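Data first, discussion second: the structure below is written as structure tokens.
Source: prediction; values computed, not measured.
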Amino acid sequence: MTTWKHIGRFPDCLAVMSYLGPIVVALLGWIAFNAIGKPLLRFFDLRTEVRRAMVLYESVCARWGEANVLASADKDATPTNFELLQEAERQYRDLAAQVRAFADTQSPTCIVLRWCGFDIRKASSGLLGLSNATAAYGKTRSFQMQAINEALKFSNRQRHDLGSSLREN
């Protein structure tokens, strides 16, 4: 009789086991999304913010030429332009800090991003360098912008469109 009771319960165990499979899969999916997916979404939001700032401040006039000579023209020395320049420096520095913090705290996601060709630490260094070089025209400013573009994989088409729209204005 004991054997029959055990056999009678066996199908109930199978029913419970059949419900556990999807629960385990859902749990593993949730863990993977929170460990990788959510930070990936955050990275792409941050990347978009970097691009927005670069487009916004691309046309801000620098105060200095390459050899620490005033850049010229009275329009460059206006208080409004000086405020925009300071705002650009602050924004680039803030974005550099956000990108560096992301790189320091989201290691699994950074590995995935590295496989995709993104270099988060290079982008952070480029943003910090750009915040320091925004006030002067020259190779340093250009180099930092190029480093950011390469690290965050902004296409040549985007850069070309930006440059041609600025020349038209």
Side-chain angles (χ1 to χ4, degrees), residues 30-169:
W30 180 81
I31 290 169
F33 176 74
N34 280 312
I36 304 286
K38 207 170 172 183
L40 269 176
L41 294 175
R42 170 72 180 121
F43 167 76
F44 284 108
D45 288 343
L46 194 54
R47 180 178 180 258
T48 300
E49 185 63 23
V50 168
R51 188 66 184 151
R52 186 194 70 77
M54 289 178 73
V55 169
L56 183 65
Y57 298 118
E58 177 102 301
S59 63
V60 172
C61 299
R63 291 188 55 157
W64 303 99
E66 199 166 355
N68 286 336
V69 177
L70 280 176
S72 73
D74 293 333
K75 70 175 184 148
D76 295 346
T78 64
T80 304
N81 187 61
F82 185 68
E83 288 172 14
L84 277 173
L85 196 57
Q86 287 182 321
E87 182 182 317
E89 290 171 349
R90 279 191 301 271
Q91 182 71 26
Y92 288 140
R93 194 165 285 121
D94 179 58
L95 286 169
Q98 289 183 54
V99 172
R100 178 60 54 96
F102 183 90
D104 290 345
T105 60
Q106 301 297 329
S107 297
T109 305
C110 290
I111 291 169
V112 171
L113 290 169
R114 176 68 85 176
W115 288 337
C116 295
F118 294 101
D119 190 343
I120 294 137
R121 292 196 184 278
K122 182 178 177 182
S124 173
S125 296
L127 283 162
L128 190 57
L130 185 57
S131 76
N132 294 328
T134 300
Y137 291 117
K139 293 177 185 175
T140 304
R141 184 175 173 174
S142 177
F143 173 79
Q144 300 300 347
M145 291 180 81
Q146 182 179 351
I148 296 165
N149 287 330
E150 288 172 2
L152 296 179
K153 295 177 63 173
F154 295 131
S155 71
N156 288 330
R157 176 86 178 142
Q158 290 169 329
R159 289 184 295 233
H160 176 71
D161 289 347
L162 178 63
S164 63
S165 68
L166 287 175
R167 283 191 294 274
E168 291 170 3
N169 293 333

Residues which pass side-chain contact (heavy atoms from CB on, under 4.5 Å) with Q91, listed by chain and number, not counting sequence neighbours: E49, R52, A53, Y57, L95
Partner set under salt bridge (Lys or Arg N to Asp or Glu O under 4.0 Å) for R90, not counting sequence neighbours: none
Working to the nearest 0.5 angstrom, can you tell me the gap between L46 CG and L41 CG? 12.5 Å
According to salt bridge (Lys or Arg N to Asp or Glu O under 4.0 Å), who are the partners of E83, at least two apart in sequence or on a separate chain? none
Decide yes or no for F33 and L40: does some side-chain heavy atom of the first lie under 4.5 Å from some side-chain heavy atom of the second? no
For a quick test of reading the model, state the closest non-hydrogen atom pair linking E89 to A135 and the distance between them. OE2-CB, 3.6 Å
Compare all side-chain heavy atoms of M54 with those of N149 and state whether any distance is below 4.5 angstrom. yes
Do side-chain atoms of S124 reach the backbone of V99 as a donor and acceptor pair under 3.5 angstrom? no
S131: which residues meet the side chain to side chain donor-acceptor pair (under 3.5 Å) condition with it, sequence neighbours left out? R93
T105 (side chain) donor-acceptor with A101 (main chain) under 3.5 angstrom: yes
In short, C116 meets K153 closest at the heavy-atom pair O-NZ, 2.7 Å
Sequence-distant partners of Q98, side chain to side chain donor-acceptor pair (under 3.5 Å), two or more places apart: R42, D94
Taking every non-hydrogen atom, the tightest pair across C61 and N81: O-ND2, 3.1 Å
To the closest 0.5 Å, what do you measure between CG (L152) and CG (L127)? 7.0 Å
From the list L113, V112, T48, side chain to side chain contact (heavy atoms under 4.5 Å, CB included) partner of F43 resolves to L113
Which pairs, with at least one residue in residues 95-122 and sequence neighbours excluded, count as a salt bridge (Lys or Arg N to Asp or Glu O under 4.0 Å)? D104-R121, R114-D119, K122-E150
Taken in chain and number order and not counting sequence neighbours, the residues that satisfy side-chain contact (heavy atoms from CB on, under 4.5 Å) with F143 are none
Sequence neighbours excluded, the answer for side-chain contact (heavy atoms from CB on, under 4.5 Å) partners of L84 is V60, E87
Evaluate the side-chain proximity of Y92 to L128: yes if any heavy-atom separation is below 4.5 Å, no if none is. no
Minimal non-hydrogen separation, A88 against T134, with atom names: CB-CG2, 4.1 Å
Side-chain heavy-atom pair C110, F102 within 4.5 angstrom cut-off: yes
So, for R141 and A62, which heavy atoms are closest and what is the spacing to 0.1 Å? NH1-CB, 3.2 Å
Heavy atoms of T109 and P39 approach each other most closely as OG1-CB, 3.2 Å
According to ring pair (Phe, Tyr, Trp, His ring centres under 6.0 Å), who are the partners of F44, at least two apart in sequence or on a separate chain? F118
